[in-house]
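What follows is one structure encoded as structure tokens, with my remarks underneath.
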Amino acid sequence: MLDIKWMRENREALAEAMRKLNATDAPWEKALELDERRRELLAKVEALRAERNKGSKEIGRLFREGKKEEANALKARMTEIGQELEALEAELRQVEEEFYDAMMRIPNIPEPDVPVAPDESGNVVVKEWGQLPRFDFQPKPHWDLGEELDIIDLERGVKLSGSRFYILKGAGARLQRALINWFLDVHINEHGYTEVYPPFLVRSHCMWGTGNLPKFGDVLYRDAEEDYWLIPTAEVPVTNMYREEILEPGSLPIYHVAATPCFRREKVSAGKDVRGIKRVHQFEKVEMVKFVEPHTGRDELESLIRNAEELLERLELPYRRVAIATGDLSFVAAIKFDLEVWAAGCEEWLEVSSCSLFRDFQARRANIRYRPEEGAKPEYVYTLNGSGLALPRIIIAILENFQQPDGSVVVPPVLRPYMGGVAVIR
RNA sequence: GGAGGGAUGGCCGAGUGGACGAAGGCGGUUGUCUUGAAAACAACUGUGGCGCAAGCCACCGGGGGUUCGAAUCCCUCUCCCUCCGCCA
């Protein structure tokens, strides 16, 4: 959510930002109109309430003094004010509801250095690392490798749960577990993160807090009877950990990391990305979430990205860092960089991390504040997050990049201690 | 799932429909005293909204209602506790 005061005072900048985002449906003009109407009504309502409060006190005093007649006369007048108030309050409630709803549908303002373009065609590769693997044989896609090695069972996954579900088996399941443990250990031991194990089902207010609702409810799974939503990423529960809180001076920055399953409806056109395990309804992801002081936001973003890149480098997986253009920015992000890893079998760059700075956009929605120093006024924190990293796409990259002519796959050296010393999956 | 009891400021805890934004205590900050500290004493000590300001308004778990007026009465939701049942 944006700061309505800022919106009032920077109408031009706001309009410009919405143009850059190509956010033609963002109801920012409506929000400003409603805000004006809201304040008008609020002034009237509060004046009436003040009058009524005064009158009610007076009635109490008159009764105590036994001036019953005067009290009753005043009571009659207060009844009138009450009726007037009731009408105005109803109108105010209505306007506030519409105002709030509009505010929740206005996307974040992009940082000044985000590439301006109407869609993803404007995304810019800002960094490339590593050599793409070369083979003197025809490299296979992971769905073939996985089946031949008997470590990915697509057919039975579909039998259980339908399209876009899969089963990892044997060394495949263990490889995933090794990756998760190694990711977590690096972030905990070397990058200063504290591990958390959050709920995978959350109340809708959490989804509003991180900005998944109201606009993206159609990609979420939810309980049919109760207000429980399956998390599409650990960002949701972990960011909302501190909702409605004022963090004590000295508690920032907070770094959390969590490994959780992620559930997404992925309502993409049937037939797109159906083969293999690239786009699925359930996957594991290690997510880093930061709560920081505003002036450190950009530095914290860079170090967050590095925390993810380092994993790819140590896995020896070639990747590129992509600056996301304004038109492709997610609703809540002020700036976002994706990390894409090369998969030699399907010859594709796979998104395995998405690192974003939200400034105070999520903090306003979830009401997460901190006190800069003892006795100071609370301020909104800045939140950031990024995958470090997403599975099973890393498995795809490992299988496809480290495959050998005989169909076996070399395990990246850093993972071997987590694989019981296994160096080759065959 | 069944039965009952709760939710009040940073914490503990009082609160009869009218002087309650809320007693009292603890904690915290500042001041007086002191060479310094402690003690004692005093003042201050929540969040947000509107407004240039004075100030006004809202908030006693959330929402709704009754009333001239609600922390207090009614309805409803959420959460917590105790006991029973079930369970990894």
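Sequence lines set the chain letters: A, B, ... in the order given, protein chains first and strands last, and positions in each chain run from 1. When reading the values below, keep in mind they use all heavy atoms of this one structure, side chains included, and skip hydrogens, waters and symmetry mates.
- In this structure, A:H191 and A:Y193 have perpendicular ring planes: the angle between them is above 60°, well past the 30° mark.
- Considering only side-chain N and O atoms, A:N53 lies under 4.0 angstrom from the phosphate OP1 or OP2 of B:rA58.
- The backbone N or O of A:A31 lies less than 3.5 Å from no partner atom in the side chain of A:D35, so there is not a single donor-acceptor pair.
- Counting any heavy atom pair closer than 4.0 Å across all strands shown, A:K5 reaches sugar-phosphate atoms only and no base atom.
- Remark: B:rG69 base-pairs with no nucleotide; criterion is Watson-Crick or G-U wobble with both hydrogen-bond distances under 3.5 Å.
- Taking side-chain N and O atoms only, A:R203 has a distance below 4.0 Å to OP1 or OP2 of B:rC79.
- Residues A:I231 and A:T260 are in side-chain contact: their nearest non-hydrogen atoms beyond the backbone lie under 4.5 Å apart.
- Among the atoms of the strands shown, only primed sugar atoms or phosphate atoms (P, OP1, OP2) are found under 4.0 Å from some heavy atom of A:K377.
- Heavy atoms of A:A43 sit nowhere under 4.0 angstrom from any nucleic acid atom.
- Counting to the nearest Å, the C1' atom of B:rC57 and the CG atom of A:L41 are 14 Å from each other.
- Counting only heavy atoms from C-beta on, A:K57 has its side chain closest to B:rG21 among B:rC50, B:rG48, B:rG21.
- Partner of A:K140 under the salt bridge (Lys or Arg N to Asp or Glu O under 4.0 Å) criterion, out of A:E400, A:E148, A:E147: A:E148 alone.
- Out of B:rA58, B:rU47, B:rG64, the shortest distance to the side chain of A:R93 is found at B:rG64.
- In the set B:rC68, B:rG49, B:rG48, the nucleotide with an atom closest to the side chain of A:L42 is B:rG49.
- Side-chain atoms of A:E235 and A:T210 include no donor-acceptor pair closer than 3.5 Å.
- Rounded to whole Å, the P atom of B:rU16 lies 12 Å from the corresponding atom of B:rA7.
- Nucleotides B:rC84 and B:rC68, compared at atom P, are 49 Å apart to the nearest Å.
- In this structure, A:R61 does not reach the B:rA19 phosphate: none of its side-chain N or O atoms is under 4.0 Å from OP1 or OP2.
- Computed from coordinates, the A:E36 CD to B:rC50 C1' distance equals 14 Å when rounded to whole Å.
- Note on A:I59: a base of the nucleic acid sits closer than 4.0 angstrom, heavy atoms only.
- Between A:K75 and B:rU67, a side-chain N or O to OP1/OP2 separation shorter than 4.0 Å is absent.
- We find that CZ of A:R8 is positioned 10 Å from P of B:rG49, with the value rounded to whole Å.
- For the C1' atoms, the distance linking B:rC75 with B:rC81 amounts to 24 Å, nearest Å.
- Atom CG of A:L247 and atom P of B:rG10 are 15 Å apart (whole Å).
- Relative to the ring axis of A:Y382, A:R359 does not place its NZ or CZ within 45° and under 6.0 Å from the centre.
- Annotation: B:rG65 and B:rU8 have their P atoms spaced 25 Å apart (nearest Å).
- Look at the C1' atom in both B:rC44 and B:rG10: the space between them is 15 Å, to the nearest Å.
- The residue A:R37 sits apart from the nucleic acid: no heavy atom pair falls under 4.0 Å.
- Applying the Watson-Crick and G-U wobble criteria (two distances, each under 3.5 Å), B:rC20 pairs with nothing in any strand.
- In terms of position along RNA chain B, the nucleotide closest to A:D35 lies nearer the 5' end than the nucleotide closest to the other residue of the pair A:D35 and A:A76.
- Both distances falling under 3.5 Å, in either a Watson-Crick or a G-U wobble arrangement, occur for no nucleotide opposite B:rG85.
- Comparing the P positions of B:rU45 and B:rC56 gives a spacing of 16 Å, expressed to the nearest Å.
- In this structure, A:E226 atom CD and B:rU78 atom P are separated by 8 Å, rounded to whole Å.
- Across all strands, A:R52 comes closer than 4.0 Å only to sugar-phosphate atoms, never to a base (heavy-atom distances).
- A donor and an acceptor atom, one from each side chain of A:K290 and A:T383, are nowhere located under 3.5 Å apart.
- B:rC79: Watson-Crick or G-U partner is B:rG6, with both key distances under 3.5 Å.
- What separates CZ of A:R364 from P of B:rG48 is a distance of 12 Å, to the nearest Å.
- When the C1' atom of B:rA19 is taken as reference, atom CZ of A:F63 falls 16 Å away, rounded to whole Å.
- As rounded to the nearest Å, B:rA14 and B:rG25 have C1' atoms that lie 11 Å from one another.
- Searching all strands for a Watson-Crick or G-U wobble partner of B:rU30 with both distances below 3.5 Å returns B:rA42.
- Counting to the nearest Å, the P atom of B:rC57 and the CG atom of A:L48 are 12 Å from each other.
- Between the side chains of A:Y380 and A:Q362, no donor-acceptor pair of N or O atoms lies under 3.5 Å.
- With both pairing distances under 3.5 Å, B:rC56 is matched to B:rG49 as a Watson-Crick or G-U wobble pair.
- Taking the nucleotide of RNA chain B with the nearest heavy atom to each of A:I246 and A:G82, the more 5' of the two is matched to A:I246.
- At B:rG46, none of the side-chain N or O atoms of A:R371 fall inside 4.0 Å of OP1 or OP2 (strictly under the cut-off).
- With P as the reference atom, B:rG9 and B:rC57 are 23 Å apart, rounded to whole Å.
- The base-pairing partner of B:rC11, taking Watson-Crick or G-U wobble contacts with both distances under 3.5 Å, is B:rG25.
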